[in-house]
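First comes the structure, then the notes that go with it.
The model shown is predicted, which means the values in this text are computed figures rather than measured ones.
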Amino acid sequence: MSGLRPQPTPVNRAAVVRAAVALSAPLAVGFAVDRPVHGALVSMGALSGVIGDTADAYRMRIFNIAVPQAFGAVGVTLGTLVYAQGWLTVAVLTTVALVSGMISSIGAVASASGLLLLLNAVIGSGLPLPRPWWTAPLLLGLGGLLVLALALLGWPLRGGAPERSAVARAYRAVADLLAAAGGSTYDERRRAVTQSLDDSYDLILARRARDHGRNPTLVRLLAQLNALVPVVEAAPAAHQRGHPLPTAIPAAVRTLADAVERGRTGPYEPHLPLPATPTERAVDHALRHATTVVLGPEPDPHHVDDRLGRPAALGTRVRRTARDVLFSEASWRYGLRLALCIGLAQALVSIVELDRSYWVALTVTFVMKPDFGSVFSRAVGRGLGTVAGLVVAAAVLAEVPRGWWDVPVMFLLGGLIPAFSAKGYAFQTAAITPVILLLSDLLNRQGIGLVRARLVDSLIGCAIALVAGYLLWPESWHSRIGDRLADSVDQAANHVALAFGTDAERGERARSRRRLYRDLSAVRSEFQRALTEPPPTGTRAAAWWPLVVAVERIADATTAARVRVDHGAPPPTRSEVDEVVRHLRELAGDIRSRGEPAAVRAPLEGDESGVLEPLRQEVTAARTIASPSPASGTQGP
């Protein structure tokens with residue numbers, strides 16, 4: 001199974017050190033003041049902070065760690081108030097699960113907040129935490145604050161470094177894309193550029209509503225990122241030439257990347273070949289403009305290119321988000337699935353005598369996170385990871401005396417969490433399991449007897465998630481690639497009409513293009529998730545791959561055509577544009593229906609030497625892939 005193979009990602013050494021210190025230091029303090037239970041709770045709060053410590057930018061670390069900690073405090077308070085209350089505990093945890101599932105659809109921070117809300121509610125309802133009721137949330141919050149403090153230590157010295165590094169990575173990704181133009185690795189490089197731009201814009205725009213117009217560093221980085229967009233738009237046209245660009249072009253972009261990362265300015269004249277065609281002029285013009293922005297003087301905050309639009313006011317975004325959550329079928333569906341699983345898990349442990357069986361609901365909470373990946377693959381990974389983690393925990397509980405020896409053991413195990421988390425879910429589970437077990441042992445002193453009970457509880461939780469959260473919901477068995485891909489094709493049709501319309505502004509075209517490539521990135525993520533599902537879902541998902549690639553090529557061909565028109569090529573006629581748009585609408589309909597396409601299709605016609613000819617070829621190829629096979633009479637994907 002692909003989900004069980006370690007991902008080739010680098011280890012963040014700073015995160016490893018932070019995790020090791022944050023998890024072991026509270027234990028040392030607890031033993032020093034003869035309050036090991038309090039130290040264990042602080043370490044448990046630090047564990048939640050370590051899991052959420054995934055951002056590069058310092059301001060984003062505040063949101064990623066502090067906001068979920070606030071929800072976690074609410075969760076553990078509710079759990080503590082209904083500890084050992086029988087069916088009242090079942091009702092409260094089920095309601096918390098519904099809220100947790102619904103808010104998880106908002107975004108990454110909300111998803112982590114929903115997870116910690118439910119996670120801490122389960123812990124509070126299943127473990128005998130210190131009294132009064134406010135003690136546990138206070139200690140857990142202190143652990144999260146410790147992780148946050150350690151994460152922010154470098155802020156005074158490296159305040160804007162993560163943002164500059166993100167923009168520089170985007171420039172380097174574009175340099176690799178230009179170097180790959182005309183070659184077989186172009187598609188792979190283009191996907192890397194899309195991801196890098198998405199990450200960079202998310203990072204910059206996350207601060208933009210508050211800082212834009214006041215923070216000169218942010219204004220400059222935003223201008224530099226926007227200046228990269230025309231270079232990206234010129235890349236598809238360069239690729240369609242069929243032969244590599246001169247090496248001086250990607251070398252110039254790498255020089256700009258170094259300047260962005262170091263914050264360097266000053267005179268620089270890129271040595272570029274003399275342009276002769278519309279494509280060459282597009283690349284030359286885009287590079288010289290980027291050079292001026294990167295190495296030129298500080299931009300005027302009131303005249304920075306704002307083509308992507310500023311975020312709405314905070315109140316507007318809150319109201320819009322609340323409305324989307326309350327009236328979203330997807331958020332209700334996931335909330336109900338999670339509530340059903342948690343309700344069943346808690347009802348089971350209320351009826352059946354299981355020793356400290358809060359771990360059943362804990363397992364369900366981790367597995368039932370479809371925004372983190374396939375429920376099926378996570379259930380399998382959770383089971384295997386738990387077994388591996390229990391082996392480590394059994395050895396520690398059997399051989400290491402309880403007391404001060406727990407501090408160096410926790411230092412070593414804590415550092416493994418960020419290192420293993422980057423490798424995949426099963427590896428993360430294997431690292432987290434012994435940490436939670438050791439902390440639990442400090443709270444209830446069950447020793448090695450915990451191991452067998454936790455294994456049984458984990459298997460029960462995985463079974464509940466698979467049956468009540470997966471098999472009982474038919475949409476879980478089917479890939480959503482087709483529906484998402486059809487939406488992307490509709491967006492491609494809108495983008496074609498906008499790109500060659502006479503009334504569209506450049507900023508509007510840029511926003512449309514970003515939406516299209518973001519949609520395609522989401523389709524690719526859905527494709528990767530679907531591949532981890534068991535047959536026949538995973539097998540059927542693989543059949544969509546040629547069409548996913550075909551739609552990505554349509555987006556590239558549209559961008560290339562628009563760039564050539566902007567730099568001197570004759571524009572297409574209105575009828576040519578309308579014909580392409582009509583065929584794209586029909587393609588979206590074919591994908592949604594998965595039935596017989598129109599019996600008679602007129603071929604795409606137009607000027608074979610015009611700018612839209614490559615686009616027409618890509619649309620024709622996509623429609624052929626989506627059409628029934630003449631030999632078998634069956635639909636493709």
Side-chain angles (χ1 to χ4, degrees), residues 2 5-10 165-201 225 228-258 260-261 270 272-273 277 279-280 282-284 286-287 290 481 485 488 492 513-514 516-528 531 541-542 544-564 614-615 617-618 621-622 625:
S2 60
R5 289 195 294 267
Q7 301 298 316
T9 53
S165 295
V167 176
R169 283 195 299 272
Y171 270 79
R172 292 190 180 100
V174 172
D176 293 340
L177 178 69
L178 294 175
S184 59
T185 62
Y186 176 83
D187 287 340
E188 178 183 351
R189 297 299 184 186
R190 178 184 46 73
R191 290 190 289 271
V193 166
T194 298
Q195 184 62 53
S196 184
L197 281 175
D198 287 347
D199 293 344
S200 300
Y201 270 116
L225 198 53
L228 188 60
V229 172
V231 184
V232 177
E233 292 175 341
H239 177 60
Q240 286 182 356
R241 302 188 325 158
H243 55 86
L245 289 168
T247 57
I249 292 177
V253 180
R254 291 190 179 96
T255 300
L256 296 181
D258 293 338
V260 169
E261 187 145 38
L272 304 176
T277 66
T279 296
E280 293 171 354
V283 174
D284 182 85
L287 271 180
I481 299 174
L485 188 59
S488 295
R513 177 188 171 278
R514 293 295 301 142
L516 176 57
Y517 279 96
R518 274 188 181 270
D519 286 349
L520 292 173
S521 179
V523 169
R524 182 173 288 274
S525 297
E526 177 65 23
F527 175 81
Q528 297 295 338
L531 287 180
W544 284 104
W545 179 245
L547 195 53
V548 172
V549 174
V551 177
E552 289 177 340
R553 292 174 66 89
I554 288 172
D556 278 353
T558 303
T559 302
R562 180 66 249 179
V563 167
R564 285 199 293 271
L615 176 57
Q617 292 176 4
E618 299 297 349
I625 294 172

Give the C-alpha distance, both sets of side-chain angles, the deciding distance and a yes or no for side chain to side chain contact (heavy atoms under 4.5 Å, CB included) between Arg513 and Glu233. CA-CA 9 Å; Arg513 177 188 171 278; Glu233 292 175 341; 3.6 Å; yes
Quick one: do Val563 and Thr279 satisfy side chain to side chain contact (heavy atoms under 4.5 Å, CB included)? Show the steps, please. CA-CA 7 Å; Val563 167; Thr279 296; over 6 Å; no
How far apart are the C-alpha atoms of Thr194 and Leu520, what are their side-chain angles, what is the distance that settles it, and do they pass the side chain to side chain contact (heavy atoms under 4.5 Å, CB included) test? CA-CA 9 Å; Thr194 298; Leu520 292 173; over 6 Å; no
Passes side chain to side chain contact (heavy atoms under 4.5 Å, CB included), Leu178 versus Val231? Steps please. CA-CA 9 Å; Leu178 294 175; Val231 184; 3.9 Å; yes
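For the pair Arg564 and Pro614, the minimum side-chain heavy-atom distance is below 4.5 Å. Between Val253 and Pro250, the closest side-chain pair of non-hydrogen atoms is not below 4.5 Å. The closest side-chain heavy-atom distance from Asp284 to Ile249 is not below 4.5 Å.
The minimum heavy-atom distance between Ala168 and Val260, with the atom names listed, is N-CG1, 3.9 Å. Nearest approach of Ala555 to Leu516, heavy atoms of both residues: CB-CD2, 3.6 Å. Taking all atoms of both residues into account, the shortest heavy-atom contact from Ala622 to Leu547 is O-CD1, 3.5 Å. The heavy-atom pair separating Pro273 from Pro246 by the smallest distance is CG-CG, 3.7 Å. The shortest heavy-atom contact between His239 and Gly182 is ND1-N, 2.8 Å. In terms of heavy-atom proximity, Tyr517 sits nearest to Thr559 at OH-OG1, 3.6 Å.
Note that CG of Leu228 and CG of Leu197 are 5.5 Å apart. Values are rounded to the nearest 0.5 Å.
At least one donor-acceptor pair under 3.5 Å links the side chain of Ser200 to the backbone N or O of Ser196.
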Could you give the side-chain donor-acceptor pairs of residues 184-191 under 3.5 Å, partners two or more places apart or in another chain?
residue : atom : partner : partner atom : Å
Arg190  : NE   : Asp556  : OD2          : 2.7
Arg190  : NH2  : Glu552  : OE1          : 3.2

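The pair Glu261-Arg172 meets the salt-bridge criterion, with a side-chain N (NZ, NE, NH1 or NH2) lying under 4.0 Å from an Asp/Glu carboxylate O.
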